[in-house]
Amino acid sequence: MPIRHATARWDGSLKEGSGAMRFANYQGPFSFASRFEEGEGTNPEELIGAAIAGCFSMALSGDLGGAGHNPQQVSTNAEVEIRPDPGGGFSITKIHLTTTATVPGIDNDEFQRIAGGTKQNCPVSKALSAVPISLEATLA
């Protein structure tokens, strides 16, 4: 299996400094403002959100297909919350996934069962198991 690579560089102090992240064909800036305020650029939490949304969508497609229900489409949004810790620093406190899928011939109970299993077992969910992950799954 391949090993994936990403790099990040930070120059300067925490609040006044700036950084850049790079992976695959993406390269973009990040800053204190893009992470903890509403500044331009990306941040690690958005990348975590993209990772879990992508992983979950692919894994749900595979799990549905494995159960005999090939989806036409799976679309997932991830909200990653970061908050200050009482003793200092910050923590990612929760992740909420909202997914909508078009799956011919499946009833909602089976869809919810499969989606719940996918949430527990996709590789990125496993890697993020220290963070509570919630799921709202809807059939289109």
Query - Working for side-chain contact (heavy atoms from CB on, under 4.5 Å), residues Ile133 and Lys94 - result: CA-CA 6 Å; Ile133 300 171; Lys94 66 181 176 180; over 6 Å; no
Requested in this report: Begin with the C-alpha distance, continue with both residues' side-chain angles, and end with the deciding distance and a verdict on side-chain contact (heavy atoms from CB on, under 4.5 Å) for Met21 and Phe30.
Outcome: CA-CA 7 Å; Met21 296 182 202; Phe30 70 111; 3.5 Å; yes
Query - Residues in ring-ring contact (aromatic ring centres under 6.0 Å, His included) contact with Tyr26, at least two apart in sequence or another chain - result: Phe23
Query raised in the report: Ser91: what forms a side-chain hydrogen bond (donor to acceptor under 3.5 Å, both in side chains) with it, not counting sequence neighbours?
Result: Asp85
Report summary line: Hits for salt bridge (Lys or Arg N to Asp or Glu O under 4.0 Å) against Arg9, two or more places apart or cross-chain, chain-then-number order -> Asp11
Report summary line: Quick note, ring-ring contact (aromatic ring centres under 6.0 Å, His included) partners involving residues 60-103, not counting sequence neighbours, are Phe36-Phe90
Report summary line: ring-ring contact (aromatic ring centres under 6.0 Å, His included) filter on Phe111, not counting sequence neighbours, yields none
**Report entry** Counterpart residues, side-chain hydrogen bond (donor to acceptor under 3.5 Å, both in side chains), relative to Gln112 (two or more places apart)
**Finding:** Asn108
Requested in this report: Mind checking salt bridge (Lys or Arg N to Asp or Glu O under 4.0 Å) for Glu46 and listing every partner two or more places apart, or none if nothing turns up?
Outcome: none
Report task. Could you list the residues that satisfy side-chain hydrogen bond (donor to acceptor under 3.5 Å, both in side chains) with Thr76, not counting sequence neighbours? Result -> Ser57, Thr99
Query - Any donor-acceptor pair under 3.5 Å from Ser34 side chain to Asn43 backbone - result: no
Query raised in the report: What pairs of residues pass the ring-ring contact (aromatic ring centres under 6.0 Å, His included) test when at least one of them lies in residues 119-140, not counting sequence neighbours?
Result: none
Query raised in the report: CD of Glu40: more than 12 outside heavy atoms within 6.0 angstrom?
Result: no
Requested in this report: Could you tell me whether the side chain of Thr118 and the main chain of Ile114 form a donor-acceptor pair under 3.5 Å?
Outcome: yes
Query raised in the report: Excluding sequence neighbours, so at least two apart, what forms salt bridge (Lys or Arg N to Asp or Glu O under 4.0 Å) with Arg22?
Result: none
Query raised in the report: Does Gln72 have any side chain to side chain contact (heavy atoms under 4.5 Å, CB included) partners at least two apart in sequence or in another chain, and if so, which?
Result: Thr102, Pro104
Report task. Would you please name every residue forming a salt bridge (Lys or Arg N to Asp or Glu O under 4.0 Å) with Glu79, sequence neighbours left out? Result -> none
